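Taking it in order: structure first as structure tokens, then the write-up.
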Amino acid sequence: MLDVRDLTLHYGQSQILHGISFSAEKGKVTAVMGTNGVGKTSLLKAIAGRHPYTGGDIVLDGQKLDHLSAHGAAQAGIAYVPQGREVFPLMTVEENLMTGFACLPKADHKIPDHIWDLFPILKDFLHRRGGDLSGGQQQQLAIARALITRPKVLLLDEPTEGIQPNIIQQIGRVIAQLRDQGDMAIVLVEQYFDFTWGLADSFTAITRGAVSLQGKQGEVTKEALLEKVSI
């Protein structure tokens, strides 16, 4: 579904990513792991069209995406749930969800029922402002907003960060359900090791901006991966 090939990225004169390559398959969770500052968020931003990359290719469904804007990436089928969630605090839950309509044809400007099945709390809080939600509720809203766009690829950046344990479990169940539906590829950047180990089908560990370990569940040992992603 998604192929990232030899991706390089710079901030000014500093090179952040050094030839990153990985594939994310439909119906699978692909984990990208590493310590803080190794370039994981930069990688997701490049795929999502939020930061220009300086070399390599991003290929979706066999078609090369040439340095898309964020809107262009969304239209191509890439949905991004950023670290920090970026919920609009003064807009209601419903209005936040409706911002996902921007890359859809007008006939599809409706919130599908499966959103409420995944996140029933959002239906109860439909008219509550985004800024009045807890961190866990905002994370659910951010994921739901991404799903409104009907993505082929879902990028999740640290979805458990600052979230209470019961909501972490619920988000894990949602990710597993989306994976098992088999109609999207999920790329998960996450520091919570056990959460990621329990969900992911394949792993890409990044050290100093380069791939240091890569393999599928069953090929990569927990100990080898933990060694690569620990400080």
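Just so we're clear, the structure is a prediction, and the values are computed from it rather than from any experiment. Heavy-atom basis, side chains included; hydrogens, waters and symmetry copies ignored.
Under a 3.5 Å cut-off, the side chain of Gln75 and the backbone N or O of Gly72 do not form any donor-acceptor pair. At least one donor-acceptor pair under 3.5 Å links the side chain of Asn96 to the backbone N or O of Phe88. The main-chain N or O of Leu199 is found under 3.5 Å from a side-chain atom of Arg179 such that the two form a donor-acceptor pair. Judged by distance alone, with hydrogens and angles left aside, the side-chain atoms of Gln138 form no donor-acceptor pair with the main-chain N or O of Gly84 at under 3.5 Å. In terms of modelled atom types and a separation under 3.5 Å, the side chain of Thr149 and the main chain of Ala146 share a donor-acceptor contact. The backbone N or O of Thr160 lies less than 3.5 Å from a partner atom in the side chain of Glu190, making a donor-acceptor pair. Side-chain atoms of Lys40 come within 3.5 Å of backbone N or O of Gly34 as a donor-acceptor pair. Not one N or O on the side chain of Asp157 forms a donor-acceptor pair closer than 3.5 Å with the backbone of Val81. Looking at Gln137, its side chain does come within 3.5 Å of a backbone N or O of Ser134 through a donor-acceptor pair. Judged by distance alone, with hydrogens and angles left aside, the side-chain atoms of Gln217 form a donor-acceptor pair with the main-chain N or O of Trp197 at under 3.5 Å.
Taking CG of Asp57 as the start and CG of Leu60 as the end, the distance is 13.0 Å to the nearest 0.5 Å. The OG1 atom of Thr30 sits 10.5 Å away from atom CG of Leu155, with the distance rounded to the nearest 0.5 Å. With rounding to the nearest 0.5 angstrom, the CG atom of Leu7 is 7.0 Å from the CD1 atom of Ile47. Atom CD1 in Ile206 sits 11.5 Å away from atom CG in Leu213 (nearest 0.5 Å). Atoms CG and CG, on Leu156 and Leu178 in that order, are 8.5 Å from each other to the nearest 0.5 Å. Going from atom NZ of Lys106 over to atom CG of Leu104 covers 13.0 Å, rounded to the nearest 0.5 Å.
For the residue pair Ala142 and Arg85, the shortest heavy atom distance occurs at CB-O, 3.9 Å. Closest non-hydrogen pair, Ala102 versus His71, comes out as O-CE1, 3.7 Å. For Ala205 against Val229, the heavy-atom pair with the smallest separation is CB-CG1, 4.1 Å. Nearest heavy-atom pair, Arg50 versus Ala70, reported as atom, atom and distance to 0.1 Å: CG-CB, 4.3 Å. Scanning all heavy atoms of the two residues, the minimum distance from Ala144 to Leu97 falls at CB-CD2, 3.7 Å. Nearest approach of Thr207 to Ser212, heavy atoms of both residues: OG1-OG, 2.7 Å.
Using modelled atom types, one finds a donor on one side chain and an acceptor on the other under 3.5 Å when comparing Tyr11 with Ser42. With no hydrogens or angles considered, no side-chain donor-acceptor pair links Glu161 and Gln139 at under 3.5 Å.
Partner of Gln191 under the side-chain hydrogen bond (donor to acceptor under 3.5 Å, both in side chains) criterion, chosen from Asn36, Thr196, Thr35: Asn36. Tested against Glu223, the residues Leu225, Thr221, Leu226, Val220 include a single side chain to side chain contact (heavy atoms under 4.5 Å, CB included) partner, Thr221.
Residue pairs meeting the ring pair (Phe, Tyr, Trp, His ring centres under 6.0 Å) criterion with at least one partner in residues 118-139, sequence neighbours excluded, do not occur; the list is empty.
A 4.5 Å side-chain heavy-atom check between Arg145 and Thr99 finds at least one atom pair inside the cut-off. Leu188 places none of its side-chain heavy atoms less than 4.5 Å from the side chain of Val32. At a threshold of 4.5 Å between non-hydrogen side-chain atoms, the residues Leu133 and Val87 do not count as touching. For the pair Tyr53 and Ile20, the minimum side-chain heavy-atom distance is 4.5 Å or more. In this structure, the side chains of Leu147 and Met184 come closer than 4.5 Å at one or more pairs of heavy atoms. Side-chain contact check for Ser202 versus Val29: every heavy-atom pair is 4.5 Å or farther apart. For the pair Leu126/Thr92, no side-chain contact is recorded, criterion being any heavy-atom separation below 4.5 Å from C-beta on.
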Evaluate the salt bridge (Lys or Arg N to Asp or Glu O under 4.0 Å) criterion for residues Asp194 and Lys222: first the C-alpha distance (whole Å), next the side-chain angles of each, then the deciding distance (0.1 Å), finally the verdict.
-> CA-CA 10 Å; Asp194 288 339; Lys222 192 173 186 178; 3.7 Å; yes
What do the steps show when you test Asp201 against Lys216 for side chain to side chain contact (heavy atoms under 4.5 Å, CB included), and what is the final call?
-> CA-CA 6 Å; Asp201 300 285; Lys216 295 182 178 180; over 6 Å; no
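Between His109 and Phe101, the ring-plane angle classifies as parallel under the 30° and 60° cut-offs.
Under the 4.5 Å side-chain heavy-atom criterion for ILVMFWY residues, a single connected hydrophobic cluster contains both Tyr80 and Val189.
Ion pair Arg150/Asp108 flagged as a salt bridge, since at least one NZ, NE, NH1 or NH2 atom sits closer than 4.0 Å to an Asp/Glu carboxylate oxygen. Salt-bridge check for Glu94 with Arg128: failed, with every basic side-chain N at 4.0 Å or more from each acidic carboxylate O. Of the charged side-chain nitrogens involved, at least one lies within less than 4.0 Å of a carboxylate oxygen, so that Lys152 and Asp61 count as a salt-bridged pair.
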